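Data block below; observations after.
Being a predicted model, the structure only gives us computed values, none of them experimental.
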Amino acid sequence: MKKAVKCGKLFDSISCKVLEDKVVIIEDKTIYDVIDLREFAQEPDMEVIDLSDKFVTPGLTDLHVHSGMNGEGNDRMDLLHHTPAELTLYSLKNVQQDLYAGFTTLRDCGSQAFVSVALRDAINKGDFEGPRMFVSGYSLGSTGGHADSHYAPGVTCTAEEHPIIDGPDSARKAARFNLKNGADFLKFMSTGGVMSKGTTLGAQQLCDDEIAAIIEIANLYGVHTATHAHGTNGIKAAVRAGVTTVEHGMILDEEAIQLMLEHGTYLTPTIIAAERICVKGPEMGLTPWMVEKANQALSHHEWGFRQCLERGVPITFGTDSATPYNYHGKQGYEFELLQRFGMDPHKALVAATMTNAKVLGVDKTQGSVEKGKVADLCAWSCDPMEDVKTMQNCLFVMKEGVVVKH
């Protein structure tokens, strides 16, 4: 049975324009056609969904989430008290909240015990309702780096038993370990981070040859790469080695921006991750060093972001959903922050749809409302150009032709 979705306004993520009075015809999981309302004739047994008073977009993609956390602010401490089985159920609840917020696709940039792999596979099989997922398995990093556990000596946790990189050979082994266990891409930590105790925010933590070794394995396996990188040296090293996306990229300089342009590197700015810690961290009781590092990152971020935007560095949409006070299902706030940093909300929508689909290599089947593409649709009360806050309240979600929220 076909479905027909009447769209008062429909966002075209190819042209970055808003179309009016369109009807999306859906058959099974696929968009059968997109026609003008005046051409529409309802067929027998066709289900009609009336979104004539709504702003309709393709399903959104969040290119940076962590399914195993949800804004608690205690980093990995919960792993000491919960089994991987409990973590799996918790993660499922988190990604379902993302789905209901309009994110029909997620890229999980690091979780423990390969929970994200199991979650992806169960959703793909139809065992559970949830977004489609692209997952990295463990984040890869150096001894004492942002991916390390930072537990006291002698404290162990089975969920954290993953390889740590010290040298290019161990980098290759760690990369292969993730891919062997089902990773879709590789995520590594080039620099320190806001939430890791004892790491310097801007300092490079993986050596150039270690970064190159990870990307070498990714290229051999035909997968893309993402790097957590705040500081300029770590960003430059990863870009020179051919990384696909720079996550955060909050401390940029002219050379780093130029390198990203030359290499076609994508920036995933995740403004919300630092902003929430700066604004809400003190009342959450976060440690002063974490709030201080978040303020350091955010104070540099707007200049670099505006330079990237002005000069044409390709920008994706990702939120680091799960960091302190950055809850799954609430990440639509990033659209407001992107506008605050100078990005047109329509261009932010392109980032969250077509640009992200290109990063994931699925732009032939996802990212826009076109004939032959997967039937992922979302609806909002108004055009975000009129009020960007509308992106924090998704009213309708369809994934692969199935309505999951109305």
Side-chain angles (χ1 to χ4, degrees), residues 1-62 96-106 123-126 128-132 329 332 335 345-346 348-350 352-357 360 362-387 390-406:
M1 184 177 69
K2 290 182 182 177
K3 295 183 177 74
V5 182
K6 294 182 178 180
C7 308
K9 291 184 177 180
L10 176 64
F11 183 71
D12 181 352
S13 56
I14 304 294
S15 66
C16 197
K17 294 180 179 178
V18 178
L19 311 177
E20 294 191 359
D21 297 326
K22 294 291 182 179
V23 180
V24 182
I25 309 297
I26 294 158
E27 188 169 30
D28 297 324
K29 298 180 179 181
T30 306
I31 297 172
Y32 178 81
D33 207 353
V34 181
I35 62 174
D36 289 335
L37 178 61
R38 63 178 178 272
E39 299 173 358
F40 174 62
Q42 185 173 347
E43 299 176 10
D45 299 323
M46 176 182 278
E47 179 184 353
V48 177
I49 300 169
D50 191 358
L51 301 177
S52 298
D53 60 342
K54 302 293 187 296
F55 182 82
V56 181
T57 69
L60 308 181
T61 297
D62 190 332
Q96 286 176 337
Q97 293 304 307
D98 296 327
L99 175 64
Y100 304 147
F103 295 89
T104 54
T105 303
L106 303 176
I123 291 170
N124 286 346
K125 286 189 293 185
F128 299 99
E129 184 174 84
R132 68 183 61 81
F335 285 98
H346 284 175
L349 271 176
V350 173
T353 52
M354 273 307 298
T355 304
N356 282 359
L360 296 173
V362 295
D363 50 303
K364 300 299 183 185
T365 57
Q366 291 176 225
S368 59
V369 182
E370 294 183 272
K371 183 176 181 178
K373 289 197 172 183
V374 66
D376 284 9
L377 299 173
C378 299
W380 321 81
S381 62
C382 68
D383 187 331
M385 289 296 292
E386 300 169 7
D387 182 4
T390 192
M391 299 306 298
Q392 298 176 52
N393 183 25
C394 184
L395 303 175
F396 172 92
V397 181
M398 173 185 284
K399 182 199 169 193
E400 296 181 359
V402 177
V403 177
V404 296
K405 180 179 180 179
H406 194 182

Are [X] and [Y] close enough that some pair of their side-chain heavy atoms sits under 4.5 Å apart?
| X | Y | value |
| --- | --- | --- |
| V56 | F396 | no |
| L99 | E129 | yes |
| F40 | M46 | yes |
| I31 | V374 | no |
| V369 | V24 | yes |
| V403 | V397 | no |
| M398 | V5 | yes |
| L349 | P384 | yes |

Short question: side chain of [X], backbone of [Y] - any donor-acceptor pair under 3.5 Å?
| X | Y | answer |
| --- | --- | --- |
| K3 | G401 | yes |
| T353 | L60 | no |
| K54 | G8 | no |
| K373 | D363 | yes |
| D376 | E400 | yes |
| K405 | C394 | yes |

What is the minimum heavy-atom distance between [X] and [Y], and which atoms define it?
| X | Y | value |
| --- | --- | --- |
| G59 | C378 | CA-SG, 3.8 Å |
| Q392 | G332 | CG-C, 3.7 Å |
| P131 | K399 | C-NZ, 3.8 Å |
| G367 | A357 | CA-CB, 4.0 Å |
| G329 | D98 | N-OD1, 3.0 Å |

Pair L37-K22, side-chain contact (heavy atoms from CB on, under 4.5 Å): steps then yes or no: CA-CA 5 Å; L37 178 61; K22 294 291 182 179; over 6 Å; no

Nearest-0.5 Å distance, [atom1] of residue [X] to [atom2] of residue [Y]:
| X | Y | atom1 | atom2 | answer |
| --- | --- | --- | --- | --- |
| L10 | S368 | CG | OG | 10.0 Å |
| D387 | C382 | CG | SG | 5.0 Å |
| R132 | L360 | CZ | CG | 10.0 Å |
| E39 | D33 | CD | CG | 8.5 Å |
| K6 | I49 | NZ | CD1 | 11.5 Å |
| T365 | K29 | OG1 | NZ | 12.0 Å |

Any chance you could lay out the side chain to side chain donor-acceptor pair (under 3.5 Å) test for S52 and D50, step after step, and finish with the verdict? CA-CA 6 Å; S52 298; D50 191 358; 2.4 Å; yes

What's the verdict on side-chain contact (heavy atoms from CB on, under 4.5 Å) for K2 and Y32, showing C-alpha distance, side-chain angles and the deciding distance? CA-CA 9 Å; K2 290 182 182 177; Y32 178 81; 3.5 Å; yes

SB check K9 E386 (cutoff 4.0 Å): yes

Taking NZ, NE, NH1 and NH2 as the nitrogens, is one of them in D21 or R38 under 4.0 Å from a carboxylate oxygen of the other? no

Could you tell me if S381 and T390 have a donor-acceptor pair between their side chains, going purely by distance under 3.5 Å? yes

For the residue pair F11 and F55, does the interplanar ring angle fall in the parallel (under 30°), tilted (30 to 60°) or perpendicular (over 60°) class? tilted

Passing option when T61 is tested against V362, T105, T104 for side-chain contact (heavy atoms from CB on, under 4.5 Å): T105

